[in-house]
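Below: the structure, in structure tokens.
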Amino acid sequence: STPGTYEVKAVQAPFLSSSPVHVEVLPHGKPIASLSWTTAKKPSYFKGGSGVLTDGKHAAIAFQDKGWTGADTPFRLQLELEQETQVDSIVLGVLLNASAWIYPTANVTITSEGANGKHQPFTTSIKLPYSANAVAHRFVSLPLGLQTQRLELEFTPKALPKAHPGAGQPVWLFLDELIIY
């Protein structure tokens, strides 16, 4: 429960330790009152439902795990906070598995609404360096710096990078946690 990065190894008979795995424990975010999908079609991988984004649990590294929500087409969701509050950033848990075309690179358009009405939408990007053999759960922070009670996030997955064998094809964007700070 203490925030930080931990190195964990498993020991199995005959008492050989596994390779280390790094686990990042983040502080609790601001309470999210509701999360709803505003796209007509739910993401292709939606086994765990909306709750996987706010349950505070890491999904397994395998994209088939019910803890992931994933799509290769644009999708949109809306968050409502318990009250209007200062939101400095949104942290997203993303999956990286280049061989499965799962690559956290997307445009994110953010629209917010507070007591003074809607704020001007703005677009930011999720982008991690390309790594051909990496399979990992990472956290990406999107800075906001605004007073709001409602946020709409529209994710538009980009194309696979030039270095990838499937260059130009749409990436699969897989999300796990969504934390508001």
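Keep in mind it's a predicted model, so treat the numbers as computed, not measured.
Classification of the F174-W68 ring pair by plane angle, with boundaries at 30° and 60°, yields perpendicular. Relative orientation of the Y103 and Y130 rings is tilted, given thresholds of 30° and 60° on the angle between their planes. The aromatic rings of W37 and F75 lie tilted to each other, with the angle between the two planes from 30° to 60°.
H164 contributes a side-chain N or O that, together with a main-chain N or O of A98, makes up a donor-acceptor pair within less than 3.5 Å. Judged purely by atom type and a 3.5 angstrom limit, E177 uses its side chain to pair as donor or acceptor with the backbone of G56. Of the possible donor and acceptor atoms, one in the side chain of D176 sits under 3.5 Å from a partner among the backbone N and O of A59. Looking only at distances, a side-chain donor or acceptor of S18 sits under 3.5 Å from a matching main-chain atom of A10.
Linking ILVMFWY side-chain heavy atoms closer than 4.5 Å, directly or via other members, places V52 and V140 in a single hydrophobic cluster. Put simply, L35 and V91 are part of two different groups of oily side chains (I, L, V, M, F, W, Y) that touch within less than 4.5 Å, one to the next. L178 and L81 fall within the same hydrophobic cluster, where Ile, Leu, Val, Met, Phe, Trp and Tyr residues are linked whenever their side-chain heavy atoms come under 4.5 Å apart, directly or through other members.
Interatomic distance, L79 CG to T148 OG1, rounded to the nearest 0.5 Å: 9.5 Å. Expressed to the nearest 0.5 Å, how far CD of Q149 lies from CD of Q83 amounts to 7.5 Å.
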Q: Go through the steps for W172 and L95 under the test side chain to side chain contact (heavy atoms under 4.5 Å, CB included), then give the verdict.
A: CA-CA 9 Å; W172 282 88; L95 180 62; over 6 Å; no

(Q) Run the side chain to side chain contact (heavy atoms under 4.5 Å, CB included) test on L142 and L153 for me, step by step, so that the C-alpha distance in whole Å, both residues' side-chain angles and the decisive distance to 0.1 Å come before the verdict. (A) CA-CA 11 Å; L142 304 175; L153 307 171; 6.0 Å; no

Q. Would L53 and L77 satisfy side chain to side chain contact (heavy atoms under 4.5 Å, CB included), going step by step from the backbone distance to the final call?
A. CA-CA 11 Å; L53 296 178; L77 56 96; 3.9 Å; yes

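A donor and an acceptor atom, one from each side chain of N107 and T109, are nowhere located under 3.5 Å apart.
The salt bridge (Lys or Arg N to Asp or Glu O under 4.0 Å) check on E84 picks up nothing, with sequence neighbours excluded.
Other residues, nucleotides and ligands contribute more than 12 heavy atoms inside 6.0 Å of the CZ atom of R76. Within 6.0 Å of the NZ atom in K118, the count of heavy atoms belonging to other residues, nucleotides or ligands does not exceed 12. Shown here is K30, whose NZ atom has more than 12 heavy atoms of other residues, nucleotides or ligands within 6.0 Å.
Nearest heavy atoms, I179 versus P27: CG2-O, 4.4 Å.
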